[in-house]
Participant: 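Sharing a structure, written as structure tokens. Questions coming.
Computed from a prediction, not measured in an experiment: that's the story for all the values here.
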Amino acid sequence: MDQAEEHLKKAIQEDESLPEAHYNLAYILQSEEGKREEALKHAERAYELSASNEKFKELYDYLKQEY
């Protein structure tokens with residue numbers, strides 16, 4: 001696990017309502033083998049927290065169709 005991933009997971013643990021943290025974590029995880037499902041979960045949460053953000057929707061839709 002790299003430092004960015006660790007920091008994002010810690011931030012989410014401290015405050016689960018941070019859409020940018022969920023999005024950034026999903027973005028990192030999507031390229032890691034075996035972590036696609038976890039990436040989808042975080043992308044979905046980012047989108048739920050900020051549905052008006054187009055980049056959140058795009059990543060969520062992309063991961064949803066790939067999974």
Participant: Between atom NZ of K10 and atom CD of E6, what is the distance when rounded to the nearest 0.5 Å?
Facilitator: 10.0 Å
Participant: How close do A43 and A26 get, heavy atom to heavy atom, and via which atoms?
Facilitator: N-CB, 3.5 Å
Participant: Just verifying a value: how many Å separate Q30 CD and K35 NZ, rounded to the nearest 0.5 Å?
Facilitator: 13.0 Å
Participant: Using the rule that two of Ile, Leu, Val, Met, Phe, Trp, Tyr join whenever any of their side-chain heavy atoms come within less than 4.5 Å, decide whether Y27 and L8 are in one cluster.
Facilitator: no
Participant: Nearest 0.5 angstrom please: E58 CD to K55 NZ, how far?
Facilitator: 10.5 Å
Participant: Assess whether a salt bridge exists between R45 and E48, defined as any Lys/Arg side-chain N lying under 4.0 Å from an Asp/Glu carboxylate O.
Facilitator: yes
Participant: Count I, L, V, M, F, W, Y as connected when their side-chain heavy atoms are under 4.5 Å apart, and connections chain through other members. Are L49 and I12 then in the same cluster?
Facilitator: no
Participant: Looking at side-chain heavy atoms only, is the closest gap between Y60 and L40 below 4.5 Å?
Facilitator: yes
Participant: If you define the side chain from C-beta out and look only at heavy atoms, does anything of H42 sit under 4.5 Å from E38?
Facilitator: yes
Participant: Taking atom CG of L29 and atom CD of E37, what is their separation to the nearest 0.5 Å?
Facilitator: 11.5 Å
Participant: ring-ring contact (aromatic ring centres under 6.0 Å, His included) between F56 and Y23: does it pass, once the steps are laid out?
Facilitator: CA-CA 6 Å; F56 294 171; Y23 171 83; 5.1 Å; yes
Participant: Between K9 and E14, does any side-chain N to carboxylate O distance fall below 4.0 Å?
Facilitator: no
Participant: Hey, is K57 close enough to E44 for a salt bridge, meaning N to O under 4.0 Å?
Facilitator: no
Participant: Determine whether H22 and K41 satisfy the following criterion, side-chain contact (heavy atoms from CB on, under 4.5 Å), listing intermediate values before the conclusion.
Facilitator: CA-CA 9 Å; H22 284 284; K41 179 185 91 169; over 6 Å; no
Participant: Hydrophobic clusters here meaning ILVMFWY residues chained together by side-chain heavy-atom distances under 4.5 Å, can you tell me if L25 and L18 are in one?
Facilitator: no
Participant: With clusters defined by side-chain heavy atoms of hydrophobic residues (ILVMFWY) lying less than 4.5 Å apart, directly or transitively, does L59 cluster with I28?
Facilitator: no
